[in-house]
> 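Before we start, here is the structure in question, set down as structure tokens.
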Amino acid sequence: MADIRELIEVDDVMEDDSLRFGPNGGLVFCMEYFANNFNWLEESLGHVEDDYILFDCPGQIELYTHLPVMKQLVEQLQQWEFRVCGVFLVDSQFMVESFKFISGILAALSAMISLEIPQINIMTKMDLLSKKAKKEIEKYLDPDMYSMIEDSTNILKSKMFKKLTKSICGLIDDYGMVRFLPFDRSDEESINIVLQHIDTTIQYGEDLEFKEPKEYEEDKSALVDEYFQDHVNE
């Protein structure tokens, strides 16, 4: 429906003699230019009822932490009466160690706090993991942070960092704000699980047959269990 490169391109910004930005600065400049030209986006999207639109957003973390650009985009979409859900993607190959997992959770949490919208967190590229890694990563989908503390702090020699790690893990566990779903593009059931969560969050298809929340949660749990059981049996 729309390609932001029709409005502005990073390469053009970097090649401009008066700007002289690098890749990161160029991307930030482009996004800020985009935020000042939302009328272009409005014209590109049009006003068709019941549109289901995916926005492929940049992965640069600064845009979701200490810059207001993505927040401005979300607020603009809401003014246009879009129901918005953030989908935060993390490479599953990055998340197979406790320290990296904690880092991924903090990045997801930063985006949630900044954007202030419902957010689905997803571990992607599950199809690229070995059978052993798939079994290992299962514990990170519904993590016990207090047991993870022990796994992490045994490596640390500094008492200060041990204390910091315990505090972070305790915060994550106490509030339970971040959970991840597995995404395997080669497995249709895995895709359906993710899509169900997103559809429920934005209330898409709410005119369909009503389903009791408890029954729906049981179905989702069964789907996740079935996904892992199938891959363990392979």
Side-chain angles (χ1 to χ4, degrees), residues 4 24-25 27-36 38 41 53-125 137 139-149 152-153 160-183 193-204 217 220:
I4 194 173
N24 290 340
L27 180 58
V28 171
F29 180 90
C30 288
M31 293 304 294
E32 290 179 341
Y33 183 85
F34 170 58
N36 290 321
F38 281 146
L41 180 63
I53 301 174
L54 305 181
F55 291 84
D56 184 8
C57 300
Q60 191 172 352
I61 195 64
E62 294 96 317
L63 298 174
Y64 309 92
T65 53
H66 55 277
L67 293 174
V69 176
M70 300 308 295
K71 176 66 172 176
Q72 291 169 356
L73 173 60
V74 166
E75 291 174 345
Q76 185 62 72
L77 291 171
Q78 290 172 333
Q79 287 180 20
W80 292 337
E81 298 184 348
F82 280 91
R83 293 172 179 169
V84 184
C85 171
V87 182
F88 191 87
L89 308 179
V90 179
D91 193 328
S92 60
Q93 295 169 298
F94 171 80
M95 301 283 275
V96 293
E97 297 177 17
S98 297
F99 280 118
K100 293 178 180 179
F101 176 72
I102 293 169
S103 176
I105 282 187
L106 292 179
L109 195 55
S110 294
M112 292 173 68
I113 293 170
S114 174
L115 299 181
E116 297 184 272
I117 56 175
Q119 181 169 300
I120 305 297
N121 303 298
I122 298 174
M123 285 193 191
T124 62
K125 303 180 183 177
I137 210 169
K139 70 180 181 182
Y140 294 114
L141 297 173
D142 188 17
D144 179 355
M145 296 307 300
Y146 289 101
S147 65
M148 204 168 290
I149 290 172
S152 302
T153 55
M160 180 178 66
F161 283 109
K162 284 184 179 181
K163 186 175 181 181
L164 175 61
T165 303
K166 286 183 178 181
S167 297
I168 292 173
C169 290
L171 175 69
I172 293 169
D173 193 85
D174 290 344
Y175 288 90
M177 295 179 68
V178 180
R179 289 291 185 273
F180 287 90
L181 294 173
F183 185 84
I193 293 170
V194 171
L195 190 58
Q196 283 180 6
H197 278 76
I198 297 170
D199 288 350
T200 300
T201 300
I202 61 175
Q203 299 177 315
Y204 182 76
E217 288 298 325
K220 288 191 294 186

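Computed from a prediction, not measured in an experiment: that's the story for all the values here. Just so you know, residue 1 is the first one in the sequence shown, and it goes up from there.
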> Can you tell me if NZ on Lys125 sees more than 12 non-hydrogen neighbours from other groups inside 6.0 Å?
no
> Which atom names give the shortest non-hydrogen contact between Phe88 and Gly104, and what distance separates them?
CE2-O, 4.3 Å
> Are the side chains of Val74 and Glu116 in contact, using a 4.5 Å heavy-atom criterion?
no
> Which value, rounded to the nearest 0.5 Å, describes the distance between Gln93 atom CD and Ile137 atom CD1?
9.0 Å
> Let me confirm one number: the CD1-CD1 distance from Ile193 to Ile198, rounded to the nearest 0.5 Å.
12.0 Å
> Are the side chains of Phe180 and Phe101 in contact, using a 4.5 Å heavy-atom criterion?
yes
> Please name the residue in the list Leu67, Ile61, Leu63 that meets the side chain to side chain contact (heavy atoms under 4.5 Å, CB included) test with Thr65.
Ile61
> Are Pro58 and Leu27 side-chain neighbours, meaning at least one heavy-atom pair lies under 4.5 Å?
yes
> Excluding sequence neighbours, so at least two apart, what forms salt bridge (Lys or Arg N to Asp or Glu O under 4.0 Å) with Glu62?
none
> Measuring from Ile122:CD1 to Ser92:OG, what's the distance to the nearest 0.5 Å?
12.0 Å
> Whether the side chain of Ser114 engages the backbone of Tyr64 through a donor-acceptor N/O pair (distance < 3.5 Å, no angle test) should be reported.
yes
> Return the set of residues passing side-chain hydrogen bond (donor to acceptor under 3.5 Å, both in side chains) with Asn24 (not counting sequence neighbours), or none when no residue passes.
none
> Val84 and side chain to side chain contact (heavy atoms under 4.5 Å, CB included): which single residue from Gln76, Gln119, Gln78 fits?
Gln78
> Can you tell if the side chain of Asn121 reaches within under 4.5 Å of the side chain of Val90, non-hydrogen atoms only?
no
> Between Leu41 and Phe55, is there a side-chain heavy-atom distance shorter than 4.5 Å?
yes
> Minimum heavy-atom separation for Gly86 and Ile117, please, with both atom names.
N-CD1, 3.6 Å
> About how many Å separate CE of Met70 and CZ of Phe34, when rounded to the nearest 0.5 Å?
7.5 Å
> To the closest 0.5 Å, what do you measure between OG1 (Thr201) and CD1 (Ile120)?
3.5 Å
> In Å, rounded to the nearest 0.5 Å, how long is the span from CG of Leu77 to CD of Gln72?
12.0 Å
> Could you tell me whether the side chain of Phe82 reaches within less than 4.5 Å of the side chain of Ile202, counting heavy atoms only?
no
> Is the closest side-chain heavy-atom distance between Leu73 and Met31 below 4.5 Å?
no
> Can you find a pair of side-chain heavy atoms, one from Trp80 and one from Phe38, that are under 4.5 Å apart?
yes
